[in-house]
Number of protein chains: 2
Amino acid sequence: MTVRTRKVSINEPDQPDNQTNQINPSTLFAIVLAGGSGTRFWPLSRETCPKQMLRIVGEDTLLRQTIKRIKGFVPSRNIWVVTTEDKVQDTRFHLVPLGPVAKEIQFISEPVGRNTAPAIGLAATCLHRRSPDSVMIVMPSDHAIPDEKEFLRDLNLAIEGALEGNLITFGIRPTRPETGYGYIRIDQPDKPDEPDKLYAVDRFLEKPDLETAKSFLSEGGYFWNSGIFVWKTSKILSEFQKHLPSLYSTLKEIACLLSSSEERISVSSHRHIDSLTQRCNGRYGRILPGEQDRRSQPDKPDQPDQPDTRINDLYSTIDPVSIDYGIMERSKDVRMIPATFQWSDLGSWAALDEIIERDQAGNILRGNTIDIGSRNSIIFSDKRLIATIGLEDMVVVDTPDATLVTPKGRTQEVRKIVDVLKQNNREEHLIHLTVARPWGSYTVLEKGEGYKIKRIVLNPGARLSLQRHSRRSEHWVVVSGVARVTREGEVDLVHINESTFIPINSKHRLENPGEKPLQIIEVQNGDYVEEDDIERFADDYGRP
Amino acid sequence: MTVRTRKVSINEPDQPDNQTNQINPSTLFAIVLAGGSGTRFWPLSRETCPKQMLRIVGEDTLLRQTIKRIKGFVPSRNIWVVTTEDKVQDTRFHLVPLGPVAKEIQFISEPVGRNTAPAIGLAATCLHRRSPDSVMIVMPSDHAIPDEKEFLRDLNLAIEGALEGNLITFGIRPTRPETGYGYIRIDQPDKPDEPDKLYAVDRFLEKPDLETAKSFLSEGGYFWNSGIFVWKTSKILSEFQKHLPSLYSTLKEIACLLSSSEERISVSSHRHIDSLTQRCNGRYGRILPGEQDRRSQPDKPDQPDQPDTRINDLYSTIDPVSIDYGIMERSKDVRMIPATFQWSDLGSWAALDEIIERDQAGNILRGNTIDIGSRNSIIFSDKRLIATIGLEDMVVVDTPDATLVTPKGRTQEVRKIVDVLKQNNREEHLIHLTVARPWGSYTVLEKGEGYKIKRIVLNPGARLSLQRHSRRSEHWVVVSGVARVTREGEVDLVHINESTFIPINSKHRLENPGEKPLQIIEVQNGDYVEEDDIERFADDYGRP
């Protein structure tokens with residue numbers, strides 16, 4: 001076991017900058033894993049709005065909190081978000097509210113999700129070509145860590161350990177016999193409570209049953225596996241080579257297909273995916289720029305498709321494997337730091353109890369609720385009223401198109417509901433009725449035979465793409481703000497209580513020239529009123 | 001105790017018409033009590049859509065089922081519906097789908113609800129002046145009785161008993177120690193199971209606790225009190241005189257204020273209430289005609305208000321009292337018939353178990369639900385998805401603007417939720433987002449600052465009133481069917497995918513001249529977008 005007092009630090013404003021082993025900030029990278037679909041938080045999470053994009057704990061979404069937590073610590077352009085191809089655009093849009101940092105963040109997109117080891121391996125492969133001396137901080141995007149300062153303090157210690165060639169992981173001191181987490185057993189369990197130490201790890205353990213979890217607690221020396229890691233890129237790649245040689249050679253082959261020029265290439269707009277309805281071929285395994293002002297960037301001609309297709313094929317052959325199972329359990333150089341920060345992986349609705357303050361009756365009530373005498377229950381409402389009487393240890397989550405009711409003990413089974421929805425080709429697991437867009441949002445108020453009604457909110461100064469629909473016309477009624485409407489080249493202002501009509505097949509654009517949000521009610525008429533009946537001629541957000 | 005075999009009958013097609021004691025059909029009346037607010041079925045029941053108007057058991061609403069059950073047995077114009085003033089119009093509209101019979105049904109409206117004794121006393125007072133030899137069948141409008149034939153069979157026996165001067169009530173053989181019902185103990189409990197008998201009653205008992213209810217069951221001779229009664233009008237009035245003398249004299253005074261000419265008067269259209277938003281003065285305590293074609297009826301001038309005001313004042317002074325407590329417990333002439341029909345008073349959501357078939361897991365699932373492993377639960381959904389996992393003995397009821405979640409054992413407390421809504425001046429206990437109208441229905445899709453969006457469905461041939469709004473304009477987009485729109489005297493046809501605009505203060509009318517339903521999306525704009533901003537100039541349904 002290695003015992004070490006803290007020596008290195010970067011960018012920690014509280015500390016004088018006089019430590020040894022100082023790392024060059026340009027070689028420190030944060031790899032944010034944001035590929036999770038988060039079905040366990042259904043109905044609040046959807047395929048197009050996974051858990052990391054939810055505002056369930058704290059003031060902002062989990063992903064944006066993750067970026068905020070790290071952004072002063074790591075140079076903004078060294079923050080890399082790894083997600084799957086179908087989530088890249090939505091994830092980019094999602095980060096826009098972070099301001100300038102959003103434009104610096106880089107994206108790595110996997111063709112498909114293959115669990116954490118391939119995602120981390122792909123990031124390490126890209127990173128190693130860019131910066132062979134780099135240190136990677138690997139962090140999930142959907143965990144709750146309320147204590148930013150404590151987290152950064154522990155991170156400094158981890159970086160020091162990583163620079164010495166260790167694979168560093170954070171262990172969380174267990175407070176209850178939790179069956180939803182994996183555990184880490186340290187090598188010297190008799191002194192597990194000294195902070196600022198690196199502990200050698202005896203073994204990693206899968207999620208235990210309740211009896212086993214209880215014995216872990218009474219025995220001592222067991223920690224929850226947080227899934228947050230720090231290591232040198234070169235070190236993790238050599239561990240891949242040793243313990244996952246097949247995956248390693250696939251990643252090497254992918255690396256050869258990625259020309260270094262491609263890594264900085266701007267993705268031409270028509271190659272971008274429109275999530276949910278379209279899947280893009282190619283454009284993965286490379287670093288994509290963050291949300292930049294695409295109007296100022298000239299489109300570059302596409303590269304031929306062959307390398308993309310080959311990468312796609314290669315990636316699909318990869319067996320899904322977690323980094324814990326594939327590397328951490330097998331490597332001899334793993335060291336654990338007992339975290340001093342509060343943490344929850346928010347693995348299910350029931351996990352909110354760990355991290356959100358409960359009222360006197362043990363309830364967490366949010367939104368439009370009326371409760372009579374419930375205890376230890378979690379009740380999430382949006383706008384509609386949820387009235388509850390005498391619930392005990394229950395979870396009730398309401399959204400405009402779906403409501404979940406389940407005892408806390410069975411929240412893990414929410415996945416099964418999502419499976420049923422998939423099997424039945426329904427939409428309640430895919431998309432919310434209100435969809436955030438970089439220009440604002442839209443809400444589907446009703447959809448019926450031959451029509452769809454939306455409320456569209458357009459931010460000041462924003463505009464939708466110049467577009468055309470081949471199977472529907474649109475009536476727009478302005479209910480607040482002023483709209484600038486382009487229709488077949490003619491431009492009109494439409495004020496509150498005025499309306500306009502967009503016939504089928506006419507090229508049109510909606511803009512908000514004002515200083516307050518524009519709200520319009522759109523009534524679509526046609527034999528087909530789905531989102532993919534759209535032809536874009538110009539778009540501020542790089543959509544095809 | 002009187003034991004009697006069956007002798008009399010009217011209108012029973014299965015039986016040859018050769019019984020003795022035949023009643024003259026013109027003197028047989030069905031008094032349907034329809035004043036209940038039914039808060040216990042919230043959120044499906046609302047102040048403007050009480051329990052009797054719900055389709056919770058069987059193919060039609062409880063009130064319409066009640067009318068259908070009795071309409072071949074009693075002449076249609078001898079069916080009198082007693083309800084409160086604020087529910088008369090909605091109740092009339094509600095009966096329209098019954099067809100011609102709806103036009104025959106008479107209404108008695110109470111100024112305010114005062115429990116069952118005053119309502120029955122008022123009906124008896126009116127009825128006695130019309131038909132002194134009449135026999136009254138008194139029946140709640142919100143009970144479930146699946147066995148129509150058995151019910152009518154028992155009713156024949158009851159009429160015979162009534163003609164002999166008894167107050168007849170139906171007792172239901174208890175099948176479980178129910179604490180939600182009142183009980184009747186018969187005088188000769190050793191032979192309680194002979195059908196076609198009239199049993200003298202020992203006593204009426206209030207809702208018992210569980211232990212007492214269990215002892216009733218083991219002891220025998222106890223029946224549930226169904227609240228269905230049969231008696232001669234003259235007999236019940238003499239019992240009122242004896243046991244509720246103060247109420248009796250108030251009713252006598254009211255009777256003097258009701259001129260017999262008024263009893264058949266058509267209520268002039270501008271005196272009609274528009275429920276929820278307006279309360280009409282007067283026009284109660286009299287018989288109102290059913291839903292007739294008001295276009296063919298000339299308006300009659302109003303009577304002076306004095307008698308109405310006096311009746312109003314008198315009625316408000318009446319103490320609420322139930323017929324059970326006020327008369328049945330005190331009269332010596334009560335006889336009970338053990339009912340042979342299945343029955344439930346549907347006193348709460350949990351009562352559905354008694355009357356609706358459950359699936360193998362003991363669940364009652366209705367509407368858009370996905371369930372994993374729940375048992376003995378009642379899950380009612382409308383359009384939105386309700387997903388449930390592992391519920392036990394729970395009730396989940398969803399409506400577009402409110403959802404209830406409660407264990408079955410606490411469904412009686414739904415009233416408390418309604419109380420909270422009232423205290424907070426909310427709307428979820430008053431009205432549904434979809435409101436049935438005699439011309440069709442409207443659904444509020446969204447209401448926001450300065451706007452409201454509705455989907456309006458207009459039946460073929462129907463039209464709204466000629467009307468004007470002083471604080472809002474309206475945009476109409478036709479999404480199916482054809483609209484005939486009158487605006488300031490000009491008439492236009494508006495087809496699917498066309499729209500029109502109704503400016504503030506313009507007199508307008510919407511009609512459906514076609515043969516299929518017309519659907520329009522209405523976007524209201526204005527500083528005030530409530531239902532009561534309406535001035536009607538002509539209306540097919542007699543509204544002011």
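Chain naming here is simple, since letters A, B, ... match the order of the sequence lines and numbering starts at 1 in each.
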With Tyr451(B) as partner, the option from Val478(A), Val479(A), Asn497(A) fulfilling side chain to side chain contact (heavy atoms under 4.5 Å, CB included) is Val479(A)
Bottom line for Asp371(A): the part with an atom under 4.5 Å from chain B's heavy atoms is neither
Asp398(B) and Arg384(A) have their tightest heavy-atom pair at OD1-NH2, 3.1 Å
Okay, Ile372(B) and chain A: the region with an atom under 4.5 Å from a heavy atom over there is both
Ranking Ile386(B), Asp401(B), Ile453(B) by heavy-atom pairs under 4.5 Å to chain A gives rank one to Asp401(B)
Bottom line for Glu498(B): the part with an atom under 4.5 Å from chain A's heavy atoms is backbone
Self-check item: Arg366(A) atom CZ: more than 12 heavy-atom contacts under 6.0 Å
Solution: yes
Paired with Val477(B), the side chain to side chain contact (heavy atoms under 4.5 Å, CB included) test is passed by just one of His475(A), Gln524(A), Glu522(A), namely His475(A)
All heavy atoms of Pro407(B) vs all of Gly390(A), minimum pair found to be CG-O, 3.4 Å
Counting heavy-atom pairs under 4.5 Å with chain A, the top scorer among Thr411(B), Val420(B), Thr443(B) is Val420(B)
Should the heavy atoms of other residues, nucleotides or ligands under 6.0 Å from CD of Glu413(B) be counted, would the total exceed 12? yes
Under 4.5 Å to a heavy atom of chain B? For Glu392(A) that would be neither
Fill in: side chain to side chain donor-acceptor pair (under 3.5 Å) between Arg426(A) and Asn368(B), intermediate numbers included
CA-CA 12 Å; Arg426(A) 295 183 58 150; Asn368(B) 187 0; 2.9 Å; yes
| field | Backbone of Glu446(B) reached by a side-chain donor or acceptor of Arg455(A) within 3.5 Å | value | no
In terms of heavy-atom pairs under 4.5 Å with chain B, the winner among Pro400(A), Ser480(A), Gly450(A), Gly526(A) is Pro400(A)
Per side chain to side chain contact (heavy atoms under 4.5 Å, CB included), Val405(A) is matched among Ile389(B), Thr388(B), Thr403(B) by Thr388(B)
